[in-house]
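This report refers to the structure that appears directly beneath it.
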Amino acid sequence: MLRTLNQRLNRIMPLITPVSIIVGVLCGSILSSYTYLSPWLFAFMTFAGSISLGFRDFLKVLKKPVPLIICLFILHLAMPLIALGFGHLTFPRDAYTITGLILAAAIPTGVSSFVWVSIYKGNIALTLSIILIDTILAPFAVPGILSLLIGESVHLDAAAMMSSLFWMIVVPSLLGMLLNEWTKGGVALVWTQRLNPFSKLAMAMVVAINGSVVAPYLANFNLRLAGLAVVIITLASTGYLLSYCFSILLGWTEADQVAIIFNGGMRNISAGAVLAVSYFPAPVAVPVVLGMVFQQMLASLVGFLLGRRARIREHFDTDSTA
């Protein structure tokens, strides 16, 4: 039953977040009082995703660390700087929107990237290593990047944000990985399929709750909000494109390319929304929530393009050997 539910949720992944946002906006006054649940729900999601992570694969990747280093460069240096440029170019006098764009770009890669990399036969060991390292760095990298790039324009409680990231991401991840090591991978075989549907439902709840907080800013759709949506889509697409260019220029294998493209393009956007709602004025959360709307849809599009590329290559390989 749970496996069937998970398969159905996988098929509608691109629709889960937009529908949850709509529910949050429509039920704003009811759901906004449950924001205290978001960190707990997110910690559960992180734990559920981490029980499939192991330390052994991570050690193998460290022997050839260039793809890992390049991905971290894209995640925490290139994309935040690009987001800063986009923000000043499109919303030059709006410090809150600029902060939201930088936050959306600076948060760590998403555990859900593992799902997409698996579907399109990418390098699983590299993906798990990126998730692990980025998770451990998150409490230091995210507040540090925000402090450096936004300066004094928006108040930032860096210490509280570090603590929140530590308990939401690092602790559940380490618990999941230690459980994986202790059971020699047995916990992943038994519990991954059982927890996956609940993790996706928890994600929908987090998105709906955070959507309810910014409901006043999303309810009245206007040209400015449409322009912000275009900026968010362009920014997210840039992450995928930048990752693709690096992987091609450096001549990596197709499996490594798939891993870098998804990890460089996707973000732990639910964590970003929790941080935005918890530590910033509501307008900062608007770009992050919009990012939640489009992330899975963009991932689905990128997956389609990668699948098409693989089929074209397979066709040419078949013709050349015929």
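Both backbone and side-chain heavy atoms feed into the values below; hydrogens, waters and symmetry mates do not. Count residues from 1 along the sequence.
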Problem set entry | Transitive ILVMFWY side-chain link Leu189 to Ile51, under 4.5 Å | no
Seminar exercise, completed: Of all heavy-atom pairs linking Thr234 and Val230, the shortest is OG1-O, 2.7 Å
Exercise. Taking it one step at a time, do Leu103 and Val142 satisfy side-chain contact (heavy atoms from CB on, under 4.5 Å)?
Worked result: CA-CA 8 Å; Leu103 177 60; Val142 176; 4.1 Å; yes
Exercise. Below 4.5 Å, heavy atoms only, C-beta onward: do Leu146 and Ile102 meet side chain to side chain?
Worked result: yes
For this session: Compare every heavy atom of Ala83 with every heavy atom of Ala105, then report the nearest pair and how far apart it is.
Result: CB-CB, 3.7 Å
For this session: Before giving the answer on side-chain contact (heavy atoms from CB on, under 4.5 Å), spell out for Val286 and Leu225 the whole-Å C-alpha distance, their side-chain angles and the decisive distance to 0.1 Å.
Result: CA-CA 9 Å; Val286 175; Leu225 198 59; 4.0 Å; yes
For this session: Quick one: pull up SG in Cys27 and CD1 in Ile209 and give me the separation to the nearest 0.5 Å.
Result: 11.5 Å
For this session: Taking the side chain as every heavy atom from C-beta outward, state whether Leu75 and Pro108 have any atom pair closer than 4.5 Å.
Result: no
Exercise. With distance as the sole test, does Ser247 use its side chain to make a donor-acceptor pair with the main-chain N or O of Ser243 at under 3.5 Å?
Worked result: yes
For this session: Please step through side-chain contact (heavy atoms from CB on, under 4.5 Å) for the pair Phe86 and Thr238, ending with a clear verdict.
Result: CA-CA 11 Å; Phe86 267 77; Thr238 301; 4.3 Å; yes
Exercise. Can you tell me if CZ on Phe198 sees more than 12 non-hydrogen neighbours from other groups inside 6.0 Å?
Worked result: no
For this session: Could you pull out the closest heavy-atom pair between Arg267 and Ile107, with the gap in Å?
Result: CD-O, 3.1 Å
Exercise. Are Leu241 and Met79 connected in the hydrophobic side-chain network, where two residues link if heavy atoms are under 4.5 Å apart?
Worked result: no
Exercise. Side chains of Ile70 and Trp252: does their closest heavy-atom pair fall under 4.5 Å?
Worked result: yes
Exercise. Which pair of heavy atoms, one from Ala259 and one from Thr127, lies closest together, and at what distance?
Worked result: CB-OG1, 3.5 Å
Problem set entry | From Leu306 atom CG to Leu301 atom CG, the distance as rounded to the nearest 0.5 Å | 9.5 Å
Exercise. Is the number of heavy atoms from other residues, nucleotides or ligands within 6.0 Å of CE (Met177) greater than 12?
Worked result: yes
For this session: Find out whether Asn263 and Ile74 are in side-chain contact, i.e. whether some heavy atom of one side chain is under 4.5 Å from a heavy atom of the other.
Result: no
Exercise. Has Leu223 got more than 12 heavy atoms of other residues, nucleotides or ligands less than 6.0 Å from its CG?
Worked result: no
Exercise. Between Leu137 and Val66, is there a shared hydrophobic cluster once you connect ILVMFWY residues whose side-chain heavy atoms come closer than 4.5 Å?
Worked result: yes
Exercise. Is Leu242 linked to Leu77 within one hydrophobic cluster, defined over Ile, Leu, Val, Met, Phe, Trp and Tyr using a side-chain heavy-atom separation of less than 4.5 Å?
Worked result: yes
For this session: Just do the side-chain contact (heavy atoms from CB on, under 4.5 Å) check on Ile98 and Leu84 with the steps written out, would you?
Result: CA-CA 7 Å; Ile98 294 171; Leu84 178 67; 4.1 Å; yes
Exercise. Less than 4.5 Å apart, any side-chain heavy atom of Thr109 and any of Phe262?
Worked result: no
Seminar exercise, completed: Interatomic distance, CG@Leu305 vs OH@Tyr240, rounded to 0.5 Å, equals 11.0 Å
For this session: Ignoring hydrogens and angles, tell me if any N or O in the side chain of Gln257 forms a donor-acceptor pair with the backbone of Ile248 under 3.5 Å.
Result: no
Exercise. To the nearest 0.5 Å, what is the distance between CG (Asp256) and CG (Leu250)?
Worked result: 10.5 Å
Problem set entry | Closest approach of Tyr244 to Ile261 (non-hydrogen atoms, all atoms of both residues) | CD1-CD1, 3.7 Å
Exercise. Taking side chain as C-beta onward, heavy atoms only, is Tyr120 less than 4.5 Å from Val302?
Worked result: no
For this session: Using a 4.5 Å cut-off on heavy atoms from C-beta on, say whether the side chain of Ser212 contacts that of Ile30.
Result: no
Exercise. Should Phe246 and Ile69 be regarded as members of a common hydrophobic cluster, given that ILVMFWY residues are connected when their side-chain heavy atoms come within less than 4.5 Å of each other, either directly or indirectly?
Worked result: no
Exercise. Between Gly291 and Ile232, which heavy-atom pair has the shortest distance, and what is it?
Worked result: CA-CG2, 3.7 Å
For this session: First locate atom CG of Leu126, then atom CD1 of Ile131, and finally report the distance between them rounded to the nearest 0.5 Å.
Result: 10.0 Å
Seminar exercise, completed: Rounded to the nearest 0.5 angstrom, the NE2-CG distance for His88 and Asp94 is 11.0 Å
Exercise. With side chains defined as the heavy atoms from C-beta onward, is the minimum distance between Ile130 and Ile260 less than 4.5 Å?
Worked result: yes
